[in-house]
Number of protein chains: 2
Amino acid sequence: MEVHTADETMARTNGRAEEEGFEMAVTLAEVAARAGVSSATVSRVLNGGYPVAGGTRTRVEQAVEELGYIANAPARALAAATSDLVGVLVHDVADSFFGILAGSLQSALDPTGPGEARRLAVVCNTAGDPAAETAYLGLLEGQRAGGVVLTGGAAENPDHTAALAVRVSRMAAAGTRVVLCGRPPLPLPAALPVATITFDDRGGAFRLAEHLMTLGHRHIAYLAGPPGLSTTRERLAGHRAALARHDPAGSDACAALTVHAGFERSAGYDATRELLRRGRPFTAVAAANDTVATGAAAALREAGLRIPEDVSVAGFDDLPFAVDTAPALTTVRVPLREAGLLAAQLVTGRRALPPGGITTLPTELMVRGSTAPPTAGRRRP
Amino acid sequence: MEVHTADETMARTNGRAEEEGFEMAVTLAEVAARAGVSSATVSRVLNGGYPVAGGTRTRVEQAVEELGYIANAPARALAAATSDLVGVLVHDVADSFFGILAGSLQSALDPTGPGEARRLAVVCNTAGDPAAETAYLGLLEGQRAGGVVLTGGAAENPDHTAALAVRVSRMAAAGTRVVLCGRPPLPLPAALPVATITFDDRGGAFRLAEHLMTLGHRHIAYLAGPPGLSTTRERLAGHRAALARHDPAGSDACAALTVHAGFERSAGYDATRELLRRGRPFTAVAAANDTVATGAAAALREAGLRIPEDVSVAGFDDLPFAVDTAPALTTVRVPLREAGLLAAQLVTGRRALPPGGITTLPTELMVRGSTAPPTAGRRRP
DNA sequence: AGCGATCGGGCAAGCGCTTTCCATCACTCG
DNA sequence: CGAGTGATGGAAAGCGCTTGCCCGATCGCT
């Protein structure tokens with residue numbers, strides 16, 4: 001095997017590097033020179049999709065190995081007009097809900113696996129701010145991201161939705177794969193291949209409320225999430241549907257026991273204290289999510305109420321800590337890991353868009369210790 | 001103001017775009033043409049660091065605005081030999097410890113803020129696998145990442161450490177800012193500007209053990225983390241130091257009550273059952289972290305033991321759920337958000353390297369309901 | 001008024017890769 | 001046996017930006 005010498009450019013480059021005292025990165029051209037082929041060929045064995053003879057391929061692979069070649073991703077992205085980056089927009093990764101989603105997604109990207117799977121996840125905390133969401137999308141567009149996963153979390157107002165739709169359609173048209181996860185579909189031209197993953201929030205909330213009613217609860221406080229979020233709306237709708245079914249006339253009473261709050265623990269705590277102060281009796285409280293339920297439970301305990309003897313408490317999401325609260329939290333499992341995996345497959349194109357573009361993942365009622373029948377001798381809120 | 005027409009190249013480009021039916025991204029050259037300046041000038045107003053007359057600047061900014069120009073990040077990265085990407089290696093973002101760290105870091109990067117702050121965080125789950133850690137570093141090197149934050153989590157064996165050191169020094173030499181967070185310094189050439197952030201694990205563990213001893217506990221089980229991790233070592237060392245101080249002779253008994261386990265809930269559960277099975281009495285168990293403590297508590301409760309009446313339980317980290325376990329968990333607060341913020345400042349160069357390159361963040365004992373004096377009439381494990 | 005210094009901005013050379021178009025070469029078929 | 005046909009691999013044109021170098025104009029000073 002004949003080893004060609006690097007061309008003049010490279011010679012100069014290396015010369016400079018030596019002068020300046022640090023080695024420069026190995027380039028395609030150097031690999032090519034070493035393997036005795038052109039850089040085009042090296043590129044082709046590295047990227048596939050083009051026939052390369054076995055011997056040549058071997059020689060190139062060996063040169064890559066020997067030189068410890070690491071491809072320059074920006075250069076590749078520039079030439080190919082698309083990068084290996086996948087943007088993941090979440091409310092906040094520090095929140096377990098999004099952490100699990102993002103973590104599962106990132107792992108499913110499997111960038112260190114063999115072959116083509118070199119997608120890197122860029123996570124962006126939008127903190128529920130529509131402007132931040134748009135701004136991040138702009139940055140990702142600038143990065144020529146190969147895909148973007150938008151998860152729920154940012155408020156859904158029409159202006160923002162429109163601005164988002166513009167950006168998203170431009171990116172999708174340019175070849176970026178877009179996945180909406182846990183948020184409603186965007187008003188986009190139908191032709192765009194944008195995937196949507198939703199959770200059966202409504203069904204879960206329905207089953208949870210039914211569970212409470214079956215236990216005998218008739219006065220169920222509901223700590224709804226922030227208004228304007230589809231998640232909030234769906235869960236509330238499911239809840240109400242269950243109540244209405246049992247007691248078609250009683251919806252007024254329910255409304256009075258429904259409070260909108262944030263998605264944080266403190267929101268649950270504050271809302272519950274407010275509910276307690278109002279003095280309207282209830283025997284159970286269902287929260288927008290586990291975190292809120294936890295805050296609610298703390299407020300109830302502080303008020304001297306026992307869970308579940310005096311008040312039943314239920315959450316939503318089934319985050320890991322739900323089994324370790326006191327008592328373990330009845331909740332609705334949301335398949336976050338599955339969603340992350342699915343999102344990863346969709347955003348990388350490893351899985352084809354389902355018909356209609358939308359996949360709804362099932363939720364599951366998890367009955368645990370925090371809910372029980374209302375007892376006769378209970379203390380009243 | 002005279003508006004120049006785009007040059008021929010652009011005309012051709014746009015022509016092609018129109019034919020193919022989708023608009024191509026606005027380029028620097030188009031902005032330049034519109035502002036009546038050269039693309040070099042546009043680049044300069046966008047990147048600063050070069051004098052540009054006020055009027056020119058205004059004109060350029062206006063053109064950028066009108067055209068909705070979004071810079072091509074890969075092109076910039078190629079030309080500048082460095083990208084806006086910051087790699088964050090964590091065990092798993094789904095784990096609150098790392099989720100909080102990564103979330104705080106990402107937010108502190110403030111990429112949607114004004115001006116230069118356009119760093120994007122690439123998060124990588126290493127799952128504790130040294131090979132994955134090295135592989136991710138390679139990918140980030142290929143991305144010409146502007147910075148990398150390595151957090152704890154991967155096993156620390158000599159081979160791996162050496163391999164890591166090679167990669168890290170090459171990247172650092174090439175201008176990538178490297179921050180080690182919650183892991184020991186790497187054996188690197190001293191000249192390299194690598195920052196290290198550590199937590200006072202030893203001090204925290206010491207104070208926690210002292211707290212237990214002060215309560216009157218003398219038989220303290222210790223569920224240590226995976227062997228070979230500096231975090232494990234430090235926490236264990238602090239724990240032992242406190243015990244030795246109270247009872248210089250009793251270290252043997254302690255050793256028998258020390259078990260190494262993983263960092264997951266199940267590890268705490270299993271280890272505690274094992275401890276129970278052994279039948280060696282203890283009145284308290286201190287765990288490697290809150291998650292493990294939670295598993296331990298579950299095992300104890302299952303065995304019919306009350307917390308803290310029969311056995312005190314303590315964790316480490318003070319993750320958010322620690323206040324909501326039953327009872328609330330005594331633990332040691334690790335300033336994760338502060339660490340994330342600091343790491344962000346260091347990795348972006350917004351904060352200078354401290355002398356010696358190493359910053360140790362303090363930990364704080366959080367006494368809550370899960371620890372109490374051993375009672376006389378308690379049930380024995 | 002004349003001259004070097006300073007400022008502002010243009011030119012153009014890359015950065016390292018992908019990809020289109022071509023040139024070979026070895027065969028196969030009529 | 002010449003032309004057609006794949007199968008390979010090379011040459012080279014960019015991708016869109018940064019930046020070193022250089023030039024013209026403006027300015028201050030003697």
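If you're wondering where the values come from, they're calculated on a predicted model, not measured in any experiment. Lettering follows sequence order; numbering is per chain, from 1.
Side-chain atoms of R351(B) never come within 3.5 Å of backbone atoms of L346(B) as a donor-acceptor pair (strictly under, hydrogens ignored). Listed for the T176(A) side chain is no donor-acceptor partner under 3.5 Å among the backbone atoms of G147(A). Not a single donor-acceptor pair under 3.5 Å links the side chain of Q106(B) to the backbone N or O of A121(B). Under a 3.5 Å cut-off, the side chain of S39(B) and the backbone N or O of A32(B) do not form any donor-acceptor pair. Without hydrogens or angle criteria, T126(A) side chain to A132(A) main chain gives no donor-acceptor distance under 3.5 Å. Between the side chain of N72(B) and the backbone N or O of T27(B), no donor-acceptor pair lies under 3.5 Å.
Among dT18(D), dG16(D), dG16(C), the nucleotide with an atom closest to any side-chain atom of R76(B) is dT18(D). When distances run from any side-chain atom of A80(B) to the nucleotides dT19(D), dC15(D), dC17(D), the shortest one goes to dT19(D).
Here the C1' atom of nucleotide dG16(C) and the CZ atom of R144(B) are 9 Å apart, to the nearest Å. Rounded to an integer number of Å, the gap from L46(A) CG to dT19(C) P is 13 Å. Rounded to an integer number of Å, the gap from L28(B) CG to dA12(C) P is 17 Å. Atom-to-atom, CG of N72(A) to P of dC17(C) comes out at 6 Å; the value is rounded to the nearest Å. L78(A) places its CG atom 14 Å from the P atom of dG14(D), with the value rounded to the nearest Å. Atom pair I70(B):CD1 and dC17(D):P shows a separation of 11 Å (rounding to whole Å applied). Atom CG in N47(A) sits about 13 Å away from atom P in dT20(C), given to the nearest Å. The distance between atom CD of E141(A) and atom P of dG16(D), rounded to the nearest whole Å, is 13 Å.
Here S43(B) reaches the OP1 or OP2 of dT18(D): one of its side-chain N or O atoms lies under 4.0 Å away.
Interatomic distance, CG of D110(B) versus CZ of R118(B), reported as 13.0 Å (0.5 Å rounding). From M171(B), atom CE reaches atom CG of L137(B) across 5.0 Å, with rounding to the nearest 0.5 Å. Of the inter-residue distances, the one linking R119(B) atom CZ with T348(B) atom OG1 reads 5.5 Å to the nearest 0.5 angstrom.
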Between the protein and nucleotides 4-11 of chain C, list the N/O to N/O atom pairs that are separated by less than 3.5 angstrom.
from, atom 1, to, atom 2, distance (Å)
dG9(C), OP1, T56(B), OG1, 2.3
dG9(C), OP2, A53(B), N, 2.9
dG9(C), N7, Y50(B), OH, 3.1
dG9(C), O6, Y50(B), OH, 2.3
dG10(C), OP2, S38(B), N, 2.9
dG10(C), OP2, S38(B), OG, 2.8
dG10(C), OP2, T41(B), OG1, 2.4
dG10(C), N7, R44(B), NH1, 3.2
dG10(C), O6, R44(B), NH1, 3.2
dG10(C), O6, R44(B), NH2, 2.7

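If one axis is set at each end of the helix from dA1(C)-dT30(D) to dG30(C)-dC1(D) from five pairs, those axes are 40° apart, to 10°.
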